[in-house]
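In what follows, chains carry the letters A, B, and so on, assigned in the order in which the sequence lines appear, proteins first and then strands, with residues in each chain numbered from 1. Note that this is a predicted model, so its numbers are computed, not measured.
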Amino acid sequence: MSRDLNRRDFLALLSAGTAGAGAGFWFGEALKHPVEQLIPALVPPEDLVPGIATWYASACTQCPAGCGILVKNREGRAKKIEGNPGHPVNQGGLCALGQAGLNLLYHPDRLLAPRRRSGARGAGQFQAAGWDEALAAIAQALAELRTQGRGASLSLISAPQTGHLDTLIHEVLAAFDSTRYGQHEAWGAGIAPLVQRKALGLQHAPRHDLAQARLVLSFGADFLASGDTPVHAARAYGQMRRGRPGQRGRLVQIEPRMSLTGANADLWLPVRPGSEGLVALGLGRALVAGGHYAGADGERWAQVLEPYTPALVARESGLTAGHVEALAAELAAGPALALAGGATTRYSNGLGNALAVEALNQLCGSLDRPGGVLGNPPPLLPAEAPVMDLTAWQTLIADARAGRVATLLFLDCNPLHELPPALGLREALDAVPLVVSLASLPDETSRFADWVLPLPSYLESWGDAAPRPGVGLRAAALAQPVVAPREGPRPAGDILLELARRAGTPLASPDYLAYLKNGWRSLHARRSDANAPADFDAFWNAALNAGVWGDGQAGTESPRWQPEAQDALDYRPARFAGGEADYPLVFQPYPSPNLHGASAAALPWLQELPDPLTGLAWGSWLEINPRTAAALGLAMGDIVLVESPAGRVEAPVLPYPAIHPALVAMPLGQGHEAFGRYAAGRGVNAAALVAPSTVEGTGALAWAATRVRLVKTGRRVKLKPRGKHDQALGRELFGSIPIKEL
Amino acid sequence: MPGSGERLSPQGGSLAISPRTVAGPLRKSALLLAVGALGFGGGYGVNALWFDGAAPVQPISFSHKLHAGEHKLPCQHCHLYAERSPVAGVPPMSKCLGCHRQIATDSPEIQKLMAFWQRGEPVPWLKVHDLPDFTHFSHKRHVRAGLPCQSCHGPVESMDVLTRVAPMTMGWCLGCHRERAVRFGTDCWTCHK
Ligand code: SF4
């Protein structure tokens with residue numbers, strides 16, 4: 001080292017010391033716990049204590065089942081949704097969609113301000129607009145229609161409404177001289193309302209008493225995953241299986257593609273698609289022939305059912321005669337509950353199938369008895385509008401094309417994605433001068449709207465819901481905002497009331513909460529329950545606290561077999577769009593067990609949730625029998641072009657052992673072009689393949705009446721099913737050593 | 001190693017490059033490094049001693065001495081939830097305004113407060129006492145056990161600037177739990193749930 005410190009070295013040492021000190025200081029800083037902030041409330045909310053969860057009772061309105069929920073709120077944020085144990089429908093249970101409701105509340109792509117279309121229809125170009133501007137423009141258009149006497153050219157199509165919003169829509173439309181109000185539900189109840197009237201003489205949906213059933217014979221009814229009220233059904237199913245000591249109810253599932261319910265059955269019988277009703281008729285014949293039918297009209301039944309011999313049933317359905325005999329013997333041993341649903345009621349011959357199944361209920365004595373088919377009291381809040389069937393849509397589309405629809409309002413529904421595109425709704429919208437969509441996410445229908453008005457999520461809204469179908473009680477759940485609503489969106493009820501006010505025909509209520517309270521005031525006035533508080537405010541608070549109010553069973557109907565339905569009992573083979581030569585495989589779309597609600601595909605938790613039967617997530621796939629796949633030279637992950645007479649989509653092949661060799665199936669719910677970042681561009685829309693035809697004798701869309709062909713594309717993807725345990729393939733999954741070898 | 005260069009020499013003669021020339025810059029680097037390390041230690045020490053964050057500069061210089069000391073406001077007058085919740089709660093702005101709409105309205109700090117209020121913004125106070133997220137601490141239990149707030153927070157009634165006095169480490173917690181023979185007070189799961 002040089003003895004003299006020259007200037008350069010001095011500067012170098014100084015820099016080293018300074019840099020070291022800086023680094024040391026920074027290091028000390030980095031080791032520290034970051035300083036956090038304490039953000040006080042401006043004004044503390046009265047029922048929230050920081051650090052302690054507050055639970056609010058409310059209602060899940062994501063599907064018409066109308067379950068009750070309890071929502072955990074911490075420091076003003078909703079954190080968890082649970083089932084309300086006090087609600088008679090779900091009794092504390094909750095489905096995956098109900099759980100994922102938080103995703104809707106916190107969705108990053110939520111609409112927060114009104115939008116006005118700035119590009120071509122469907123181009124997805126919008127400008128933000130103020131509420132004043134939007135409401136003024138729409139109200140003016142509506143007022144003009146009324147003054148010109150063209151109120152009938154205003155239509156409103158809404159998501160299923162089971163509460164007071166239903167009556168409000170009806171009243172607001174009436175104020176504009178329109179009665180054209182329909183509800184849209186993609187898969188929905190289908191032909192069930194018709195069947196219950198025709199076969200059982202019921203006004204309201206019957207109650208299938210699973211909980212007390214001895215034997216359940218389900219013809220395609222996937223009540224555990226995609227039925228009308230899956231949580232209620234799952235609870236009843238649990239009760240049937242192991243809620244009665246010493247008696248375990250038995251479940252037999254007859255369907256060509258194994259559903260989640262089929263996977264739970266003791267016996268799953270794949271029949272040829274469309275022959276389900278024939279199996280029911282064959283079983284009925286065996287019951288009558290065996291002398292097990294006790295009714296006075298036995299002879300007539302014998303006549304009607306004579307043609308459905310075991311040989312015919314075996315030939316047409318692909319079951320063996322032994323299967324039919326064994327099932328008939330099981331049926332003869334005691335009452336059984338027969339259910340029809342899923343594809344069984346959505347073939348061209350779906351009505352015949354459903355009637356045959358109800359006939360089976362009559363023949364084995366299950367009507368109006370515990371463990372069988374029961375009636376319901378009228379719902380506490382009756383619906384004003386039916387769910388639109390295919391015929392209703394076709395009428396609307398024809399009217400639109402003919403220029404008879406001037407204004408079309410869509411409320412919280414997305415028919416543009418959910419209906420088969422072959423129906424032509426998208427094209428028909430071109431002829432409608434004003435299309436308005438009220439939505440909380442930017443869905444496909446909103447893309448085609450001139451105005452998009454943002455709605456709050458159900459967790460931020462006032463509302464109510466009466467369960468549909470009923471569960472034996474007259475009950476309704478009350479929904480309240482469980483968090484402070486995000487700024488921007490307005491509740492649908494408030495928007496409608498404001499439109500009526502601006503158009504010069506105000507309703508009595510200033511806002512939707514007032515309307516709702518009025519509705520409940522009249523429910524309170526009509527109450528039959530003597531224990532309900534006599535003072536309305538006390539009653540309202542009690543209902544808010546409990547989240548649900550039930551008013552007994554008054555006026556319960558009884559299902560009675562309608563003799564006229566006997567004449568309709570003839571088996572016709574199912575017919576399909578597309579000839580067998582060109583389109584060799586029958587196509588069955590089915591509601592995905594996870595994505596069965598309209599908003600489900602937009603919710604990341606549900607996208608991430610593997611399908612319970614295939615283990616796949618985040619996309620679409622085509623299920624095909626492994627033998628059919630082998631014959632066509634297709635392996636797992638091969639992308640095929642699926643073509644039907646109505647459309648074409650591309651999807652990877654999934655060999656699925658539990659499907660009839662003549663059938664291919666695909667889950668519904670994916671294939672969105674819009675609908676937020678989690679849904680857009682994911683998978684394909686199975687509805688694109690469906691040819692719009694009706695279930696014969698009804699107006700309902702026959703979802704399962706199309707044939708397809710598969711064309712190889714030569715491309716493939718790696719499908720990654722989670723939790724594949726169906727193939728042990730010689731691996732010893734559970735190792736064991738015989739005791740002698742120990 | 002003095003002279004080692006000679007031994008390495010193949011011919012036993014002196015090298016063309018003197019070892020001093022080689023070692024000189026190296027030593028210089030070592031010196032630089034040593035001074036750098038010294039500086040590092042110093043910087044760290046300064047940070048630890050005088051910038052320990054025990055008394056962060058708050059957006060408004062609120063004085064506990066004035067409120068809790070001179071005016072003798074009980075702690076829970078402002079920290080509303082200490083007795084019924086895991087968190088004591090920082091007073092809502094409306095609470096401050098309850099008095100300060102009338103009192104000391106001409107003080108510049110109160111005017112800062114009013115400005116926040118008028119903008120509808122909460123005051124972003126800085127946390128003085130903060131436990132890591134993996135510990136579960138409940139004010140409710142400690143307050144209901146009759147522990148004075150000062151046992152952990154120090155004599156706040158004499159502090160103009162609120163300063164952390166306890167280390168808030170696990171050993172410190174356990175010391176008190178042991179001393180008072182708290183039931184389950186030394187179980188892992190009592191604090192780490
Ligand atoms: S079944 Fe329907 S109402 Fe019930 S929790 Fe699920 S989505 Fe909500």
Between A:P50, A:P44, A:G51, the one whose heavy-atom pairs under 4.5 Å with chain B are most numerous: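 Winner by heavy-atom pair count: A:P50.
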Winner by heavy-atom pair count (cut-off under 4.5 Å) against chain B, out of A:L14, A:I52, A:V35: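 Most pairs with chain B among the choices: A:I52.
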So, does [X] use its side chain to make a donor-acceptor pair with the main chain of [Y] at under 3.5 Å?
| X | Y | answer |
| --- | --- | --- |
| B:T135 | B:L131 | no |
| B:S107 | B:E109 | yes |
| A:T54 | A:L48 | no |

cation_pi(A:R115, A:W451) dist<6.0 Å, angle<=45: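 Because its charged atom misses either the 6.0 Å distance or the 45° angle limit, A:R115 does not stack over A:W451.
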A:E82/A:K80 salt bridge by N-O under 4.0 Å criterion: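 The answer is yes: the pair qualifies as a salt bridge.
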Contact class of B:P124 relative to chain A, heavy atoms under 4.5 angstrom: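 When you check distances to chain A, atoms from both the backbone and side chain of B:P124 fall under 4.5 Å.
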Structural part of B:L126 lying under 4.5 Å from a heavy atom of chain A: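 Its backbone and side chain both get close to chain A.
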Proximal component of A:A19, with respect to chain B [non-hydrogen, under 4.5 Å]: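 For A:A19, no heavy atom lies under 4.5 Å from chain B.
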Contact winner vs chain A - B:L33, B:V87, B:L80, B:L38, heavy-atom pairs under 4.5 Å: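 With the most close heavy-atom pairs to chain A, the winner is B:V87.
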Heavy-atom pair count under 4.5 Å with chain A, highest-scoring of B:V128, B:V90, B:L97: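 Looking at each option in turn, the highest pair count goes to B:V90.
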Between B:H129 and B:H153: side-chain donor-acceptor atoms closer than 3.5 Å: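 Side chains of B:H129 and B:H153: pair found under 3.5 Å.
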